Amino acid sequence: MAPIHKNMIQLTGADRNSPDADDLEDVRLLDSYDADDEEAANYNNSRRIQVRITGMTCSACSNSVEGALKSLNGVVKASVSLLQNKADVVFDSGLVNDDDIKNAIEDAGFEAEIVPEASSSQKSSSGTLVGQFSIGGMTCAACVNSVEGILRKLPGVKRAVVALATSLGEVEYDPTIITDDEIVEAIEDAGFEGSLVQSSQQDKIMLDVIGIWSEMDVQLLEGILCNLKGVRQFYFNRTSKELEVLFDPLILGSRALVDGIEEGSSGNFKLYVQNPYTRMTSKDLEESSNMFRLFMTSLFLSIPLFLMRVVCPSIPLLYALLLRQCGPFMMGDWLKWALVSVVQFVIGKRFYVAAWRALKNGSTNMDVLVALGTSASYFYSVCALLYGAVTGFWSPTYFETSAMLITFVLLGKYLETLAKGKTSDALKKLVELAPATAVLLLKDKGGKIIGEKEIDALLIHPGDVLKVLPGTKIPVDGVVVWGTSYVNESMVTGEAVPVSKEVNSSVIGGTINLHGSLHIQATKVGSDTVLSQIVSMVETAQMSKAPIQKFADYVASIFVPTVIVFSLLTFLGWYIGGVLGSYPEQWLPENGNHFVFALMFAISVVVIACPCALGLATPTAVMVATGVGANNGVLIKGGDALERAQMVNYVVFDKTGTLTQGKAAVTTAKVFTEMQRGEFLTLVASAEASSEHPLAKAILDYARHFHFFEEPSTTSDIKYPDKEPKYSGWLLDATEFCALPGRGIQCIINEKQVLVGNRSLLKENGVIIPSHAEKFVVELEESAKTGILVAYGSVFIGVLGVADPLKREAAVVVEGLLKMGITPVMVTGDNWRTAQAVAKEVGIYDVRAGVMPAEKADVIRSFQKNGSIVAMVGDGINDSPALAAADVGMAIGAGTDIAIEAADYVLMKSNLEDVITAIDLSRKTFSRIRLNYVFAMAYNIIALPIAAGVFFPLVKLKLPPWAAGACMAMSSVSVVCSSLLLRRYRKPRLTDILEITVET
């Protein structure tokens, strides 16, 4: 399907020139804005841009920028995000331009940069797409290097990574310079099989069409697509019945596209969205079945050759028939020649093709060795026959050597294909978690449910309300809008206990609804779901190369030329030695000569050498390890992270939310002035209402409970006060709110400044802390509680004591790390006394307290100065710089998206025991990789001298070429099977690590 541009129907130009073109533009304009932007529609030249702003520190800054933008004549709407450091501006381009907006922000005292507009079909703002391509025909690391080199030289290609174990290539490219079809053509021009598996392009869909039986049906399909507004291009493959459609997502959704085609055909056509992973699995099955067919055919043709050589001489009648003269040759010679020619040039064609493309690209691989060895055996035998027919001197032929060699190599390839398929079993199991279909609830304009419809799960849109019956899988991530039930989330999070779900509870796609029916509203679909992100993360890790792989790549680049030279030297050594009489004539085979004797040794050397085993040693182990990690709730982002983790010397823990449960609760509230306790709590809660810090939620919970006698909420994602309008009246109005990282918050209430935070914040603002209050705070800190100090109108008024209980496994995990020879360290922004009390409780002796978020990365670097490998375990946004700075970043799965993005490992279960699992799995994996290299290197080091006949003068040990081929085939299989043993990995038991004896 590479040259699809030849037969593709392009609709872009036609649509624009049609009478409906203006209508399309109107739809696009309206669809590109939110419902709140109706005012923008009143302007003929409305535009929306995003501006990156530098220098904002608090909400006062963002308010200042927003005010400056709104004061510009022509600005319809302006909103500023402090966390993202961006402004979103809708304006009338006839009254104001981009430079005016930029200048207004700079005049307000900040730096501004207009963010380039990204195409709707692209995910990244840099204007590039990431495509995944299936590459067939690669056999060893030399092939991988060749394909990578070709792809990286293509214009518009930013990055290209190719994985041998998965036969996939990931290419980041600029679609304005090069298309995915041109990339496929480049792969095929290099002599490999190429096809696009999936792309980050959001406006392309691949569909299987059922119901196309004739040319009339094809014309009907094309007519329907031409009349659908929003369809840009389409291509229908008549052979595979696959339809590829490029559409405008602002005008036409994927479900509307499918419904439009099915309705336009009056139900005669049935369309199914292609799942890229299912397509890959079917290709793997096709490859293994094709290899099995080739092997069986070769075996079927080789068995008669073996029988003629070994069995027939013992059966006089058959042997006499074979010895009968038929023209210039005997009947047996004709039969051998015919059978072997089929094996050599029909079944063995793949080796010649692969060898030619490798040589054409300036590289060498295993196929070159197989083609060289079998060709030498075949053409020598042909020449021996012709020479005998001309001179009457008949030399022995070795036709069966060529045929059996190809048969054994194909057997090895078939077994290798099966074994390689099993290395990606974990990924296949993850993909299979998502259901194929979903039940969509249909609603009228008033929101009343009027029916339901079963749809393809890949056609679900955000906002769709879906029905989930008991015992079925939840199709996508969403929020429960009706019903209660328990959901088994173990397949995604690893937590075995079913989780209760009720209205407003979040659900994860791929998990199983156990009891009651649920109606869920889809929030994340497609690649945005948790399951898709896990699959993507595992897939990316399997595509990546561990640094140790560089050694195999280098060896592969020189391996085949070295072997050919060694084979040539072997031939010359035995031939010249024979001519000079260096060994007795009795060593020669019957009717043989020195040339044939030397040639057999040379062929054995060529075919026994195996670069494949070296190329598979690392990627297969990394594939299995990442899959095993995913099954155990540990997501590994790449082979480089896997390699670094096994060398970790220090593990640095964040305190809040990592060592502790992250569920802070106010345990004490003490007022040191005449202010009433309720008034004090109302004041502090009003100040903290605009904060998103976990301690702010704890304070709001405590104050609300004090006023309304309600139990504190245990739902971590509730925000106050906007989600609780019932009690919003009790909070005071707070203005000029500003969060000060590492110190606290400040705002204005009743025209007086309110400070809520630590000692530093109060002292910076000239607030005096009485000695008896200081003593009370010290007592809190020494009992592992955090003291939050409050000042109102520059006067100290009270203290809140907040406790965050430790995770139950924290102390045991710390002890386990010490037993593994790893030093645990705790870093926190909390005060020294509280930090010391927590560290003492878990058994950590190296504590860094009072560390600002930006300084955590400096702590990491201080350990790295002496060459130590440092792992950082954290969960919050403030941990992301340290996670990125660490050699190995481990993000707690329940943490923020930013922390997870910055980390190398994601611990899905938020269980600290998985820190030990991650390190232990890394160590086991690299022990296996080293063992694989020992297998591969030892095999070649031992096998090559034997094949060359080094030991023949001493023990008469000679390896026939067909036996050498069998050994070569088995070497790759042995390495892959060695990697597969990692599937038996079991998480380490803490009782074993701590050497605890459990009495039974």
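Bear in mind that the values here come from a model prediction, so they are computed numbers and not experimental data.
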Taking [Y]'s backbone N and O only, do any of them form a donor-acceptor pair with [X]'s side chain (distance below 3.5 Å, no angle check)?
| X | Y | result |
| --- | --- | --- |
| Ser927 | Arg923 | yes |
| Glu643 | Asp640 | no |
| Thr626 | Met623 | yes |
| Ser922 | Ala918 | no |
| Ser978 | Ser974 | no |
| Asn632 | Val634 | no |

At their closest point, which heavy atom of [X] faces which heavy atom of [Y], and how far apart are they?
| X | Y | answer |
| --- | --- | --- |
| Tyr173 | Gly131 | CE2-N, 3.9 Å |
| Gly509 | Asp477 | N-OD1, 2.8 Å |
| Leu151 | Ala160 | CB-CB, 3.7 Å |
| Val605 | Phe566 | CG1-CD2, 3.5 Å |
| Ala621 | Asn932 | CB-ND2, 4.2 Å |
| Ala625 | Ile636 | O-CD1, 4.1 Å |

With rounding to the nearest 0.5 Å, note down the distance linking [atom1] in [X] to [atom2] in [Y].
| X | Y | atom1 | atom2 | result |
| --- | --- | --- | --- | --- |
| Leu921 | Gln646 | CG | CD | 11.0 Å |
| Met647 | Ile869 | CE | CD1 | 5.0 Å |
| Thr407 | Leu294 | OG1 | CG | 10.5 Å |
| Leu246 | Phe234 | CG | CZ | 12.0 Å |
| Ile929 | Leu982 | CD1 | CG | 8.0 Å |
| Leu207 | Lys241 | CG | NZ | 15.0 Å |

Verdict with supporting geometry, Val975 and Tyr933, side-chain contact (heavy atoms from CB on, under 4.5 Å): CA-CA 8 Å; Val975 166; Tyr933 278 126; over 6 Å; no

Check this for me: Lys349, atom NZ, are more than 12 non-hydrogen atoms of other residues, nucleotides or ligands nearer than 6.0 Å? no

Taking side chain as C-beta onward, heavy atoms only, is [X] less than 4.5 Å from [Y]?
| X | Y | value |
| --- | --- | --- |
| Lys524 | Val476 | no |
| Asp208 | Glu242 | yes |
| Ser146 | Ile150 | yes |
| Val870 | Val888 | no |
| Tyr985 | Thr917 | yes |
| Phe133 | Asp180 | yes |

Chi angles and distances behind the side-chain contact (heavy atoms from CB on, under 4.5 Å) call for Val624, Arg928: CA-CA 11 Å; Val624 177; Arg928 182 61 56 181; over 6 Å; no

Between Glu172 and Lys158, is the closest basic N to carboxylate O distance under 4.0 Å? no

Quick test of your reading of the model: are Lys987 and Asp914 salt-bridged, counting only N-O distances below 4.0 Å? yes

Residues Glu244, Phe236; criterion side-chain contact (heavy atoms from CB on, under 4.5 Å); working and verdict: CA-CA 6 Å; Glu244 180 181 326; Phe236 180 69; over 6 Å; no

Dump the intermediate steps for side-chain hydrogen bond (donor to acceptor under 3.5 Å, both in side chains) on Gln344 and Thr374, then the final yes or no. CA-CA 8 Å; Gln344 184 74 30; Thr374 56; 3.1 Å; yes

Determine, stepwise, if the pair Asp174 / Ile178 fulfils side-chain contact (heavy atoms from CB on, under 4.5 Å). CA-CA 6 Å; Asp174 187 340; Ile178 189 170; 5.7 Å; no

